[in-house]
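What follows is a short report on a single structure.
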Amino acid sequence: KGLVVADIAAVAAGRLSATRSLPGRLVAGLIGRREAGAGPISLVSCDRLPDNGDALARVGREFAEAAGADLAGYLDDQVAFIGSLADRVTSRGNETTRTTVLDQQHVDDRAALASERFSEWVLAGEFAGPRPDWGSAGAEFTDDLVPYEHRRLWMQNGARSLLAYAGPLRG
């Protein structure tokens, strides 16, 4: 919390490069972008929380207001906050994973991880300017993330939690 308070003071004083918190750097970057006339931008939140695009927008607006940065019109006209849901199970690495990476990539990566084949990236919101062609790489675009969030929460996370709790009891 102290870092954000210090960043509010820095932005209010025009010391944009002094920011260190996420909200501070976000607002400093948007101020710099506005001053440069760089055009519209879409910010995609990849935080794993419900309504992450709305949360990012709220944090940015509240920080800007607290710092006295007159960004409301700019945010309304030039900035889009896109919500997203990403899902892919990645398990802890082991010697098999490390050996596979070494054999295939010729890199001895002690932190190599393996993931399941299933992956999903769903995005919702109107982009400011052209929308990237992420659909060609498998991303899905929707008007409503809630059904996707509920499915993950109720079905996938529930099943994973059941296995995690029941496994130790079964040895």
Side-chain angles (χ1 to χ4, degrees), residues 1-93 101 105 107 109-115 119-153 156-157:
K1 188 174 181 178
L3 193 58
V4 172
V5 171
D7 281 357
I8 289 170
V11 170
R15 295 187 331 270
L16 303 180
S17 63
T19 58
R20 294 179 34 222
S21 68
L22 180 123
R25 289 190 176 195
L26 174 69
V27 169
L30 290 172
I31 291 169
R33 187 174 179 86
R34 179 186 64 187
E35 289 174 358
I41 187 169
S42 298
L43 303 174
V44 178
S45 176
C46 295
D47 290 311
R48 193 167 182 149
L49 67 134
D51 301 319
N52 56 14
D54 292 339
L56 182 61
R58 187 174 52 256
V59 166
R61 287 179 187 279
E62 289 175 2
F63 184 98
E65 186 177 304
D70 183 22
L71 278 182
Y74 176 74
L75 293 175
D76 291 340
D77 297 338
Q78 298 290 310
V79 182
F81 294 90
I82 308 299
S84 75
L85 174 143
D87 194 10
R88 185 166 200 174
V89 174
T90 304
S91 59
R92 181 178 59 174
V101 170
Q105 303 297 319
V107 174
D109 185 351
R110 294 176 167 268
L113 301 173
S115 66
S119 67
E120 181 176 51
W121 191 28
V122 186
L123 300 104
E126 286 293 321
F127 281 73
R131 184 175 83 187
D133 183 27
W134 294 332
S136 65
E140 231 178 296
F141 294 90
T142 184
D143 293 330
D144 186 8
L145 284 175
V146 172
Y148 295 90
E149 291 171 343
H150 285 173
R151 185 195 67 215
R152 181 179 66 198
L153 180 64
Q156 295 170 336
N157 289 357

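Residues: numbered from 1 along the sequence shown.
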* Asked: Considering residues, nucleotides and ligands other than E140, do more than 12 of their heavy atoms fall under 6.0 Å from its CD?
  -> yes

* Would you find more than 12 non-hydrogen atoms of other residues, nucleotides or ligands less than 6.0 Å from D109 atom CG? -> yes

* Structure fact -> One should read off an interatomic distance between I82 CD1 and E126 CD, to the nearest 0.5 angstrom, of 7.5 Å

* Has the side chain of R152 got a donor or acceptor atom that lies under 3.5 Å from a matching backbone atom of A86? -> yes

* Structure fact -> For N52 and S84 the tightest heavy-atom approach is ND2-O, 2.7 Å

* Structure fact -> Shortest non-hydrogen pair, P23 vs V4, comes out as CG-CG2, 4.3 Å

* Asked: Are the side chain of S42 and the backbone N or O of A128 linked by a donor-acceptor pair below 3.5 Å?
  -> yes

* State whether a side-chain donor-acceptor pair under 3.5 Å links Y148 with E120. => no

* Kindly compute the distance separating CG (L85) from OG1 (T142), expressed to the nearest 0.5 Å. => 10.5 Å

* Hey, are the side chains of L30 and F63 touching, using non-hydrogen atoms and a 4.5 Å cut-off? -> no

* To do: Taking all non-hydrogen atoms of both residues into account, name the closest pair between I8 and A66 and its distance.
  => CG2-O, 3.5 Å

* To do: Quick one: closest heavy-atom pair of L71 and A64, and the distance?
  => CD1-CB, 3.9 Å

* Should the pair F127 and W134 be assigned to parallel (<30°), tilted (30 to 60°) or perpendicular (>60°) ring geometry? -> perpendicular

* Do F81 and R58 have side-chain heavy atoms sitting under 4.5 Å apart? -> no

* L26 and L56, any side-chain heavy atoms less than 4.5 Å apart -> yes

* Can you name the nearest heavy-atom pair linking A18 to D7, along with the distance? -> O-OD1, 3.9 Å

* Asked: Are any of the side-chain heavy atoms of T19 and V11 separated by less than 4.5 Å?
  -> yes

* L49 and E149, any side-chain heavy atoms less than 4.5 Å apart -> no

* Measure across R48 and D87 and return the closest heavy-atom pair with its distance rounded to 0.1 Å. => NH2-OD1, 4.0 Å

* Asked: About how many Å separate CG of L145 and CG of L123, when rounded to the nearest 0.5 Å?
  -> 7.5 Å

* Find out whether D76 and R61 are in side-chain contact, i.e. whether some heavy atom of one side chain is under 4.5 Å from a heavy atom of the other. => yes

* With a cut-off of 6.0 Å (strictly less than), are more than 12 heavy atoms of other residues, nucleotides or ligands near CZ of R20? -> no

